[in-house]
Amino acid sequence: MAWYDEAIFYHIYPLGLCGAPKENNYGEPVHRLRELLPWIRHIKEMGCNAIYIGPLFESVGHGYETTDYKKLDSRLGDNQDLTDFVMACHNEGIRVILDGVFNHTGRDFFAFQDIRKNRENSPYRDWYCNVNFGGNNEYNDGFSYENWGGYNLLVKLNQHNPAVRDYICDVIRFWVSEFDIDGIRLDAADVLDFEYMKALRHVANEVKPDFWLMGEVIHGDYTRWVNEGTLHSVTNYHLHKALYSGHNDHNFFEIAHTVKRLYEMGGNRPEGLKLYNFVDNHDVERIHTKLTNKAHYAPVHVLLYTLPGVPSIYYGSEFAIEGKKEQGSDASLRPALKLDDFSDALSQNPCTRLIARLGAVRQETPALSYGDYRELILTNRQYAFSRNTEEVSVIVTVNNDDSDFVMTVPASSADTYIGKLSGETVSVVNGNIVVNVRANSGDIWVPLPGEEKDETTGVEDVLDSLSEPTAPTETKKMIVEEKTEAPADTTGTDSTPAPDSQKTFEEGKVAGLQEAIIAIMESKGPVTDQMRKDVYNQTHYPSLINWIKSF
């Protein structure tokens with residue numbers, strides 16, 4: 001087990017969050033990174049225990065056209081600011097990984113500047129791909145070269161050159177010795193040379209125990225990158241797409257099938273692929289903007305925190321802010337934010353409260369990090385699965401419909417489960433729990449401590465459980481779920497319930513038997529509407545007892 005197996009990430013684009021100028025004049029450092037120190041407490045309140053922050057190093061504009069790999073961008077401060085930030089995070093038990101832009105550099109990088117100056121005589125002429133001194137470009141350099149993404153601002157490094165590999169490996173060693181970072185997210189990993197990545201992994205194994213390499217990969221078979229020789233993880237764009245479109249289209253099949261395919265990639269093993277899961281980031285529109293029904297924010301994030309992989313929240317999305325690409329610009333995806341503007345979010349913003357609660361549940365529920373994945377129920381609008389270790393089975397239920405829905409879900413590791421989001425408790429009856437999943441919501445059902453399941457539980461146990469007063473229930477969507485408390489009237493001086501209380505007690509016993517009969521019937525096969533109606537029409541207690549015994 002490594003720290004990243006239990007990580008919950010908070011993703012920061014620092015030039016945006018700190019409100020840095022769009023262009024760097026390479027002037028005196030402006031210590032904007034210090035403004036992020038108060039955010040560390042907020043990040044911890046959100047239940048996150050790791051930060052992915054970047055790009056951070058000197059560049060001319062958006063940060064991915066690196067000028068100097070060993071100098072904090074002067075718009076953010078100086079190297080001491082970064083050292084202090086990482087130390088402050090570590091003091092709060094938060095790991096830090098940085099952006100590693102090792103596929104290309106900016107035009108102001110020293111090696112490229114030397115080529116411009118010395119042309120064919122430059123010792124760095126082979127540091128870049130396909131430098132052609134017979135060509136030209138829009139900068140009128142008198143030579144051409146290979147770039148990344150069609151932008152000559154981003155000059156592609158020749159990763160086959162041993163000198164380039166050695167330089168970048170030394171950069172990683174410098175970042176660890178200077179700033180004490182815990183890992184790197186490799187930008188544009190899907191176009192990096194595999195031998196180059198193996199060299200980076202070798203250094204990662206050398207510099208620090210459990211040093212994490214995660215790569216930006218959009219499409220393809222993720223096992224090409226995630227293995228013992230190259231990277232520990234990659235960005236899970238497959239799941240990212242499925243999560244928002246699966247809700248917009250009311251199609252949980254897309255999500256479930258994506259999860260199954262990815263889980264199979266990892267060999268159907270809990271220790272298989274540990275992909276970096278997200279619903280938005282600095283390159284894609286905010287999840288609150290992409291969702292057609294904003295109420296789907298809740299089930300989307302329940303899935304983000306409970307499906308196999310490592311969850312990540314992009315700064316500001318815990319407040320459900322909007323962000324849409326406009327005229328090809330990413331500016332609105334990377335806004336400056338003031339933490340003081342959200343000082344009451346945890347108490348007043350339900351989205352913020354949800355993210356904080358999910359973070360806490362994830363941290364206190366190891367099965368969500370280490371358990372296997374088993375699909376239990378799947379329809380277009382309802383989805384249930386379990387995450388299982390040898391000790392416990394945690395059940396997740398989500399509903400993207402505008403109405404509540406009752407699920408009968410197999411449960412196998414306890415007698416009683418509690419919903420970690422709702423606080424409701426349900427009993428296991430004949431191997432199932434029957435839960436009401438609220439509209440556009442979800443829950444995480446965890447066995448109550450000390451409630452180890454007795455595998456011999458049967459009909460007699462069901463009857464015994466009904467010997468105590470049970471609050472009455474009302475039927476909704478064909479099954480009774482919503483419980484109300486018995487009247488508080490304690491008229492009388494002995495233990496005999498008052499008339500109203502006695503009535504409540506009898507109604508509760510009947511409702512409990514009806515619920516048990518439905519659960520048993522469902523465990524044995526499909527239950528029709530008429531069969532349900534027959535059960536609820538029977539309110540005679542002795543008849544219900546005989547019905548139970550008939551099973």
Side-chain angles (χ1 to χ4, degrees), residues 9-46 48 50-92 94-101 105-106 108-109 153 171 174-176 178-185 187 280-283 286 312-319 321-323 329-343 345:
F9 273 94
Y10 194 86
H11 173 195
I12 296 174
Y13 179 81
L15 292 170
L17 178 54
C18 295
K22 301 301 180 185
E23 294 186 8
N24 191 351
N25 63 10
Y26 302 129
E28 288 298 311
V30 180
H31 303 280
R32 292 184 176 90
L33 194 67
R34 297 175 185 175
E35 299 172 10
L36 297 187
L37 292 173
W39 283 80
I40 296 172
R41 180 180 177 184
H42 166 73
I43 291 167
K44 193 169 183 179
E45 286 179 338
M46 291 300 100
C48 296
I51 292 175
Y52 153 41
I53 182 170
L56 281 167
F57 295 97
E58 192 82 287
S59 67
V60 67
H62 51 56
Y64 289 98
E65 63 290 71
T66 310
T67 299
D68 189 338
Y69 286 103
K70 297 184 179 181
K71 181 178 182 296
L72 183 70
D73 196 297
S74 54
R75 292 170 290 175
L76 296 174
D78 56 28
N79 282 10
Q80 188 60 50
D81 292 326
L82 182 53
T83 299
D84 293 343
F85 178 78
V86 175
M87 182 182 299
C89 290
H90 285 172
N91 289 341
E92 294 295 332
I94 297 173
R95 306 279 185 157
V96 181
I97 72 165
L98 309 186
D99 239 329
V101 188
T105 73
D108 290 343
F109 188 68
L153 186 65
V171 165
F174 175 81
W175 287 359
V176 175
E178 185 80 0
F179 308 117
D180 194 25
I181 64 168
D182 303 290
I184 294 173
R185 176 262 195 189
D187 182 63
D280 48 14
N281 62 28
H282 64 301
D283 288 326
R286 294 278 178 170
S312 174
I313 289 292
Y314 183 44
Y315 82 94
S317 284
E318 71 273 28
F319 309 128
I321 68 172
E322 302 278 350
S329 171
D330 291 328
S332 66
L333 312 180
R334 308 168 178 182
L337 298 180
K338 297 294 183 183
L339 189 57
D340 288 346
D341 293 339
F342 303 95
S343 59

* Relative to the ring of F174, is the ring of F179 parallel (under 30°), tilted (30 to 60°) or perpendicular (over 60°)? ->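 F179 and F174: perpendicular rings.
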* Asked: What orientation do Y64 and H62 show, parallel under 30°, tilted 30 to 60°, or perpendicular over 60°?
  ->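 Y64 vs H62 ring planes: tilted.
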List the atom of [X], the atom of [Y], and the distance in Å for their closest heavy-atom pair.
X	Y	result
G54	P14	O-CD, 3.3 Å
V101	T66	CB-OG1, 3.9 Å
A336	G19	CB-CA, 3.7 Å
R334	Y13	NH1-OH, 3.4 Å

Distance in Å, [X] [atom1] paired with [Y] [atom2], rounded so as to fall on 0.5 Å steps:
X	Y	atom1	atom2	value
C18	W39	SG	CH2	9.5 Å
I53	F9	CD1	CZ	12.5 Å
K22	S329	NZ	OG	7.0 Å
H11	D99	NE2	CG	6.5 Å
C89	K44	SG	NZ	11.0 Å
L17	H282	CG	NE2	13.5 Å

* To do: Compute whether any side-chain donor of one residue and acceptor of the other, for E178 and T83, lie under 3.5 angstrom apart.
  =>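 Their side chains do not contain a donor-acceptor pair, so the 3.5 Å distance test is not met.
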Would you check if [X] and [Y] make a side-chain contact, meaning some heavy-atom pair closer than 4.5 Å?
X	Y	value
Y10	I94	no
L37	F85	yes
I321	R286	yes
N91	I40	no
P21	R32	yes
Y52	R95	no
D78	L72	no
M46	I313	no

* Taking NZ, NE, NH1 and NH2 as the nitrogens, is one of them in R75 or D73 under 4.0 Å from a carboxylate oxygen of the other? ->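 Here R75 pairs with D73 in a salt bridge, since their nearest N and O are under 4.0 Å apart.
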* To do: Quick one: do Y69 and F109 satisfy ring-ring contact (aromatic ring centres under 6.0 Å, His included)? Show the steps, please.
  => CA-CA 9 Å; Y69 286 103; F109 188 68; 5.5 Å; yes
Taking the side chain from [X] and the backbone from [Y], do they hold a donor-acceptor pair closer than 3.5 Å?
X	Y	answer
Y314	L333	yes
E58	S74	yes
E318	G316	yes
D182	V96	yes
N79	K70	yes

* **Derivation of the side-chain contact (heavy atoms from CB on, under 4.5 Å) call for Y26 and V60** => CA-CA 8 Å; Y26 302 129; V60 67; 3.5 Å; yes
* To do: Using the salt bridge (Lys or Arg N to Asp or Glu O under 4.0 Å) rule, collect all pairs that involve residues 79-90, keeping only residues at least two apart or in two chains.
  =>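 Every salt bridge (Lys or Arg N to Asp or Glu O under 4.0 Å) pair that includes a residue of residues 79-90, provided the two are not neighbours, is R34-D81.
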* Asked: Is the number of heavy atoms from other residues, nucleotides or ligands within 6.0 Å of CD (Q80) greater than 12?
  ->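 Buried by this count: over 12 neighbours within 6.0 Å.
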* Asked: Given the rule in the side-chain contact (heavy atoms from CB on, under 4.5 Å) test, do T67 and N24 qualify, once you have shown the distances and angles that lead to the verdict?
  -> CA-CA 10 Å; T67 299; N24 191 351; over 6 Å; no
* **Full working for side-chain contact (heavy atoms from CB on, under 4.5 Å) between E35 and K338** => CA-CA 9 Å; E35 299 172 10; K338 297 294 183 183; 4.1 Å; yes
